[in-house]
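First the structure, in the form of structure tokens, and then the observations on it.
Values below: all heavy atoms of this structure, side chains included; hydrogens, waters and symmetry mates excluded. Positions are given from 1 along the sequence. All figures in this text were calculated on a predicted structure; none of them were measured in a lab.
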Amino acid sequence: MSAKIKINMNNSYKLGLDEVEGLETAMRRAFEPIKKILANKIYWRDTFDVDTVAYKSCDGFIPHSHNCGGLQIHEIIPECERYEFDFLDFGEWNGEHSLDCKNHNECDCSLPVDGEFDAALRIWFKFEGLDDDDKLNFYLVVSGGNNDAPYFRTKYENTYFKAEFSCSSVNGLQRAASKHIKAIVDLIK
């Protein structure tokens, strides 16, 4: 094990985000430019935060074996804000929703009120564990789109950006992630 990476094993069956000392803090610090841009664009929410992704089994949740934890932003972007998020795929009106009424009793007033034109935005900064050279491995992905509104199933998400990278230490994470974080900031600006 590298002297640059301090591991705190707490009876986990695999190395995860919590077992690498200082890793979550370093990942949050690296994620800060993305959070700042989105906090300005997502004005309709009072608070905006980055969630920790679970990787340990609990309450019937069984994570994938390659999931070692990470950070995630998952937001639903209303269709009326599409101009601020022009890289996302929103739902498109196909003519099914209409106010075409032959008489008042047979009026079909099905309007887009269930979010079918909204889009999901997911930015996931995933820790993928240590490799054979004791390097910390990471995966960054920006995905989302309309696909299955109002449920926004992740298996149908479009991928707008993805990158894999590694670093030798927790302190080196900021530098290793910087060009990828900048690319995401440029995408969401």
Side-chain angles (χ1 to χ4, degrees), residues 17 24 27-55 58-64 66-102 104-128 138-165 177 179-189:
L17 182 66
E24 183 177 346
M27 289 176 74
R28 285 187 183 279
R29 197 170 35 249
F31 223 39
E32 198 60 33
I34 295 170
K35 185 178 172 186
K36 281 183 182 178
I37 290 276
L38 287 176
N40 288 330
K41 289 181 149 228
I42 300 176
Y43 65 87
W44 58 89
R45 294 209 14 182
D46 292 337
T47 60
F48 179 86
D49 204 10
V50 176
D51 298 319
T52 304
V53 177
Y55 68 95
C58 63
D59 297 333
F61 167 73
I62 301 171
H64 295 288
H66 58 81
N67 179 10
C68 296
L71 304 175
Q72 176 177 258
I73 294 171
H74 190 266
E75 291 291 326
I76 303 302
I77 310 300
E79 191 273 338
C80 61
E81 300 299 330
R82 73 184 313 141
Y83 67 94
E84 283 286 346
F85 296 89
D86 59 354
F87 65 93
L88 282 174
D89 293 328
F90 286 81
E92 297 296 327
W93 185 71
N94 62 8
E96 288 180 18
H97 300 286
S98 69
L99 294 173
D100 184 21
C101 301
K102 293 180 179 150
H104 186 62
N105 294 330
E106 296 176 1
C107 187
D108 179 17
C109 297
S110 56
L111 294 174
V113 295
D114 290 332
E116 63 258 34
F117 296 147
D118 297 344
L121 170 64
R122 181 177 181 216
I123 304 173
W124 192 12
F125 191 1
K126 182 181 169 194
F127 173 51
E128 295 200 312
F138 300 91
Y139 179 71
L140 249 169
V141 65
V142 178
S143 60
N146 181 264
N147 294 309
D148 200 20
Y151 304 107
F152 301 107
R153 301 189 184 193
T154 57
K155 72 179 184 177
Y156 300 117
E157 288 180 339
N158 299 320
T159 301
Y160 303 109
F161 173 87
K162 66 180 174 179
E164 295 180 43
F165 63 95
K179 75 176 183 179
H180 307 297
I181 298 292
K182 183 183 179 326
I184 293 172
V185 166
D186 290 343
L187 173 70
I188 62 177
K189 265 187 182 176

query = For F125 and V50, what are the C-alpha separation, side-chain angles and deciding distance, and is it a side chain to side chain contact (heavy atoms under 4.5 Å, CB included)?
reply = CA-CA 10 Å; F125 191 1; V50 176; over 6 Å; no
query = Can E24 and T52 be said to form a side chain to side chain contact (heavy atoms under 4.5 Å, CB included), step by step?
reply = CA-CA 9 Å; E24 183 177 346; T52 304; 3.1 Å; yes
key: Non-neighbouring partners of Q72 that pass side-chain contact (heavy atoms from CB on, under 4.5 Å), sequence neighbours left out   = V53, H74, R122, W124
query = For G69 and Y55, which heavy atoms make the closest approach, and how far apart are they?
reply = N-CB, 3.3 Å
task = Give the minimum heavy-atom separation between M27 and G70, together with the two atoms involved.
result = CE-CA, 4.0 Å
query = Would you call E32 and K36 a salt bridge, using N to O less than 4.0 angstrom?
reply = no
query = In chain order, what residues pass the side-chain contact (heavy atoms from CB on, under 4.5 Å) check against F87, with sequence neighbours excluded?
reply = F85, L121, V142, Y160, L187, I188
remark   = In short, W44 meets P78 closest at the heavy-atom pair CZ2-CD, 3.3 Å
remark   = So CD1 of I34 and CG of L71: to nearest 0.5 Å the spacing works out to 10.0 Å
message = Just to verify, what does D186 make a side-chain hydrogen bond (donor to acceptor under 3.5 Å, both in side chains) with, not counting sequence neighbours?
response = K182
key: With F165, the ring-ring contact (aromatic ring centres under 6.0 Å, His included) member among Y139, F138, F127   = F138
message = So, taking the atom named CD in E75 and the one named CD1 in I42, what distance separates them when rounded to the nearest 0.5 Å?
response = 4.5 Å
request  = List in chain and number order the residues that pass side-chain contact (heavy atoms from CB on, under 4.5 Å) with P33, two or more places apart in sequence or in another chain; answer none if no residue qualifies.
outcome  = I181, V185
key: Spacing of I77 atom CD1 and D118 atom CG [to the nearest 0.5 Å]   = 9.0 Å
ask   = Residues in side-chain hydrogen bond (donor to acceptor under 3.5 Å, both in side chains) with K162, at least two apart?
value = none
query = If you round to the nearest 0.5 Å, how far is CD of E157 from CG of D89?
reply = 11.5 Å
note = Applying salt bridge (charged side-chain N to carboxylate O under 4.0 Å, His left out) to E81 and not counting sequence neighbours gives none
note = Across all chains, not counting sequence neighbours, the side-chain hydrogen bond (donor to acceptor under 3.5 Å, both in side chains) partners of T159 are none
note = Minimal heavy-atom distance between R82 and G91, with the atoms involved, is NH1-O, 3.8 Å
remark   = R29 meets the side-chain hydrogen bond (donor to acceptor under 3.5 Å, both in side chains) criterion, sequence neighbours left out, with none
remark   = Contacts of D46 meeting side-chain contact (heavy atoms from CB on, under 4.5 Å) (sequence neighbours excluded), chain-then-number -> none
query = What closest approach, in Å, do L88 and A119 show between heavy atoms, and which atom pair accounts for it?
reply = CD1-CB, 4.1 Å
inquiry  = If the condition is salt bridge (charged side-chain N to carboxylate O under 4.0 Å, His left out), which residues does D49 pass it with, not counting sequence neighbours?
reply    = K35
